[in-house]
Structures are given as structure tokens and as C-alpha cells.
Chemist: 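Here's a structure for you.
Residue numbers start at 1 and run along the sequence shown.
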Amino acid sequence: MKINKKYRGIVFSCLAAVFISVPIAFFMVIINYGFRAGFFIAFLKSSLAGTAISVPLANIFIPMAEKIVNKIVEK
């Protein structure tokens, strides 16, 4: 199944948000909680919260960053 190319930016932003927020959640739970009982639940909660926050932010700020970069970088 393919998604229409007009949704490319949204799909890219969402995937970037997930690929960034889940590993960050993993390491933050290790740092703040450690590997002990309840680690997986803490990681799951942190990943879900991080993804819920980062997806909308990525959809706002990735296109904005792309416009800024296009203005300041030579073609």
C-alpha cells in the first residue's frame, strides 16, 4: 500500500518524531529509573508521552526548519 505523495511531509514528520522520541525515552528511563522491576511500563509510558508530544511539534517545526535552511543555504 502506498500513501499519496501529498502526505509525504506529514508522514516524514511523524516517522521522524517516533524514531527520535522512542530512543530518547529509552535512555531517559535508564538514566532516571534504571533496569529494575517496572522498567518496561515506565519506558512504554515515556515513549507514548514523548511520541504524543513530538508528533505535533515535528509537524510544525520540521517544515519551518526546512524553510529557514532553504533561505540561508546556497542552492
Chemist: How long is the span from the OG atom in S13 to the CZ atom in R8, to the nearest 0.5 Å?
Modeler: 9.0 Å
Chemist: If you measure from CG on L48 to CD1 on I53, what distance do you get to the nearest 0.5 Å?
Modeler: 11.0 Å
Chemist: Between CG of N32 and CZ of F27, what distance do you get to the nearest 0.5 Å?
Modeler: 13.5 Å
Chemist: Hey, what do you get for OH (Y33) to CD1 (I41), rounding to the nearest 0.5 Å?
Modeler: 9.5 Å
Chemist: Sequence neighbours excluded and cut-off under 3.5 Å, please list the side-chain donor-acceptor pairs for residues 62-72, or say none.
Modeler:
{"unit_1": "N70", "atom_1": "ND2", "unit_2": "E66", "atom_2": "O", "d": "3.2"}

Chemist: Can you see which heavy atom on V18 is nearest to which on T51, and at what distance?
Modeler: CG2-CG2, 3.7 Å
Chemist: Under 3.5 Å, side chain of S46 to main-chain N/O of A42, donor-acceptor pair present?
Modeler: no
Chemist: Taking the side chain as every heavy atom from C-beta outward, state whether I30 and F43 have any atom pair closer than 4.5 Å.
Modeler: no
Chemist: Taking the six-membered ring for Trp, are F35 and F39 parallel (under 30°), tilted (30 to 60°) or perpendicular (over 60°)?
Modeler: tilted
Chemist: What distance separates L15 CG from I20 CD1, expressed to the nearest 0.5 Å?
Modeler: 11.0 Å
Chemist: Report whether M28 and F26 are members of the same hydrophobic cluster (ILVMFWY, side-chain heavy atoms less than 4.5 Å apart, transitive linking).
Modeler: no
Chemist: In terms of hydrophobic clusters joined by side-chain contacts under 4.5 Å, are I24 and F19 together?
Modeler: no
